[in-house]
Amino acid sequence: MERHKRIIQEKETQLIQSRHKNTVYGASIIVVLIIAFTTGLLYIRKARMYRLIALSYYETHHDTKPISTPNQSRQAPSLWETLQKLMSEDRLYRKKDISLEELASQLNTNRTYLSEAVHNGSGMNLRSYINSLRIKDATTILSSKDNEIPLKALSEDLGFNDLSTFYRSFQKIVGMPPSRFRQEILNI
């Protein structure tokens with residue numbers, strides 16, 4: 001009888017342990033499913049956000065109409081306008097080590113006036129302004145369906161010293177990495 005009670009207690013203990021294991025496994029599976037579901041939703045939201053950013057960036061930055069200012073022909077061009085013209089025609093922003101001093105000498109001014117003109121005209125410092133021109137160029141290149149240039153080569157062509165600087169600048173200005181931008185634009 002004693003032995004029979006002990007066997008029953010052992011079987012009850014085993015049954016309780018197996019129920020406990022099943023509960024733990026079930027709870028673990030539920031937690032994993034909740035995490036997977038949440039991650040999936042976040043991924044879908046992120047993809048949708050990237051698509052909207054790419055579309056809005058493409059629509060706002062690829063306008064072909066030239067911007068004209070009133071009374072432009074009556075006045076001599078300002079230092080800022082001259083710099084913009086120099087950047088757009090000669091594409092000096094693609095030069096790797098372009099400096100404030102070098103640009104100032106090309107524009108026959110000093111670095112203080114040039115720095116002030118860039119800040120007043122763009123609201124940025126020279127480095128940020130140059131990077132914004134580079135990134136605008138990059139978005140145009142990445143938007144082309146015929147162009148499959150590797151990002152490392154593109155960053156070098158645009159004048160960035162390394163790929164990580166290109167990625168950081170692109171992410172900061174556009175809101176997504178360049179590879180994702182290319183993918184989203186080609187899907188649009």
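For the numbers below, each heavy atom of this structure counts, side chains included, while hydrogens, waters and symmetry mates do not. The structure displayed is predicted, hence computed values, not measured ones. We count residues from 1, following the sequence as given.
- I149 and V174 end up in the same hydrophobic cluster when Ile, Leu, Val, Met, Phe, Trp and Tyr side chains are linked at under 4.5 Å.
- Atom CZ in R45 sits 14.0 Å away from atom OH in Y50 (nearest 0.5 Å).
- For the residue pair N125/S128, the side-chain donor-acceptor check at 3.5 Å is satisfied.
- In terms of the side chain to side chain donor-acceptor pair (under 3.5 Å) criterion, residue partners of E184 (sequence neighbours excluded) are, by chain and number, R51, R180.
- I141 and L133 fall into different hydrophobic clusters, where Ile, Leu, Val, Met, Phe, Trp and Tyr residues are linked whenever their side-chain heavy atoms come under 4.5 Å apart, directly or through other members.
- Listed by first and then second residue, the salt bridge (Lys or Arg N to Asp or Glu O under 4.0 Å) pairs that reach into residues 153-178 are K152-E156, sequence neighbours excluded.
- I130 and V118 fall within the same hydrophobic cluster, defined by Ile, Leu, Val, Met, Phe, Trp and Tyr side-chain heavy atoms under 4.5 Å apart, directly or through other members.
- Residue-environment remark: NZ (K5) stays at or below the threshold of 12 foreign heavy atoms within 6.0 Å.
- At least one test fails for R134 against the ring of F166: distance under 6.0 Å to the centre or angle within 45° of the axis.
- Y93 and L154 sit in two unconnected hydrophobic clusters of ILVMFWY residues. Membership requires side-chain heavy atoms under 4.5 Å apart, directly or through other members.
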Begin from the C-alpha positions of L151 and L142 and carry the test side-chain contact (heavy atoms from CB on, under 4.5 Å) through to its verdict. CA-CA 9 Å; L151 294 177; L142 291 174; 3.8 Å; yes
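- In terms of heavy-atom proximity, L79 sits nearest to A117 at CD2-CB, 3.8 Å.
- A heavy-atom distance below 4.5 Å is not found between the side chains of Y167 and S155.
- From H4, atom NE2 reaches atom CD of E2 across 11.5 Å, with rounding to the nearest 0.5 Å.
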Applying side-chain contact (heavy atoms from CB on, under 4.5 Å) to R127 and L100, what does each step give before you reach the verdict? CA-CA 9 Å; R127 183 64 43 208; L100 187 62; over 6 Å; no
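- Between W80 and Y129, the gap from one ring centroid to the other is short of 6.0 Å.
- Applying the side chain to side chain donor-acceptor pair (under 3.5 Å) test to R111 and every residue at least two apart in sequence or in another chain returns E101.
- L52 and F181 fall into different hydrophobic clusters, where Ile, Leu, Val, Met, Phe, Trp and Tyr residues are linked whenever their side-chain heavy atoms come under 4.5 Å apart, directly or through other members.
- Checked by atom type and distance alone, the side chain of T165 never pairs as donor or acceptor with a backbone atom of N161 at under 3.5 Å.
- Between the side chain of S105 and the main chain of E102, a donor-acceptor pair closer than 3.5 Å is present.
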